[in-house]
Amino acid sequence: MAAEGQNGGDDGMMRIGKRCYVSNLAWKTSWQDLKDKFRECGQVVYANVTRGDDGRSKGWGIVEFENPDEAIAAVNTLNGTDLGGRRIAVREDREDRDVKQSLEGEEGAAAAPRPARAPRGRGRGRGRGPRAPIEGEPSGFQVCVQGIPWKFTFHLF
DNA sequence: GTTGAGCGTT
């Protein structure tokens, strides 16, 4: 039977990359304005604008969505749009604070390497093999080589 | 009424 797809059972691996970093905000822009603006792209669960001591906004804020997909959509949609008379820059969160807090339940030998924001692999390898190799299209994988002896030099063609 | 680099709190 289907093991996934229905039933909103959050087994735990579902809370990642929901927050967005919004910068280049106008000084008059408040967190309510952000929430109202990002509301078009999804359900904003949390919105905050950093302020100084006098209450003046620093020009950047944090917006959290109900789903990570909405956050990505907001970045591609509201990024570079006009808000408060100024062009805002929407970006993904640099750190996953929420993810770390979620994993705090199981500490010890369980060393979580790096969630890395879940690979956006579209389509699952149906049949055998990780993926259907497409000629001329990058697989997305990266290769890291280290430990190269100094006797090796660059060869420019 | 001003200015413009930058990731915050539970």
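Chain letters run A, B, ... following the sequence lines, proteins first, then strands; residues in each count from 1.
Rounded to whole Å, atom P of B/dG8 lies 15 Å from atom CD of A/E64. Taking atom CZ of residue A/R56 and atom P of nucleotide B/dT3, one finds them 11 Å apart after rounding to whole Å. One interatomic measurement links the two molecules: CD of A/E92 to P of B/dG6, which rounds to 21 Å at whole-angstrom precision. Rounded to an integer number of Å, the gap from NZ of A/K58 to P of B/dT2 is 20 Å. Here the P atom of nucleotide B/dC7 and the CZ atom of A/R51 are 19 Å apart, to the nearest Å. The distance from atom OH of A/Y46 to atom P of B/dC7 is 17 Å, rounded to the nearest whole Å. Atom NZ in A/K18 sits roughly 19 Å away from atom P in B/dT9 (whole-Å rounding).
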Counting only pairs under 3.5 Å, give me each side-chain donor-acceptor contact of residues 20-29 of chain A, with atom names and distances, residues two or more places apart or in other chains.
{"unit_1": "A/S23", "atom_1": "OG", "unit_2": "A/A89", "atom_2": "O", "d": "3.3"}
{"unit_1": "A/N24", "atom_1": "ND2", "unit_2": "A/R87", "atom_2": "O", "d": "2.4"}
{"unit_1": "A/T29", "atom_1": "OG1", "unit_2": "A/A26", "atom_2": "N", "d": "3.4"}
{"unit_1": "A/T29", "atom_1": "OG1", "unit_2": "A/A26", "atom_2": "O", "d": "3.4"}

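In this structure, A/R91 reaches neither bases nor backbone, as no heavy-atom distance under 4.0 Å exists between it and the strands shown.
Considering only side-chain atoms of A/W27, the nucleotide from B/dG8, B/dG4, B/dG6 that sits closest is B/dG4. Of all nucleotides listed (B/dG4, B/dC7, B/dT3), B/dC7 comes nearest to the side chain of A/I62. The nucleotide whose nearest atom lies closest to any side-chain atom of A/N48 is, among B/dG8, B/dT3, B/dC7, B/dG8.
A 4.5 Å side-chain heavy-atom check between A/E64 and A/D93 finds every atom pair outside the cut-off. A/V90 has its side chain out of reach of A/T81: every pair of non-hydrogen atoms, C-beta onward, lies at least 4.5 Å apart.
Stacking between A/W60 and the base of B/dC7 is absent under the criterion of ring centres within 5.5 Å and planes under 30 degrees.
Remark: A/E66 engages A/Q43, A/V45, A/E70 in a side chain to side chain contact (heavy atoms under 4.5 Å, CB included) (not counting sequence neighbours).
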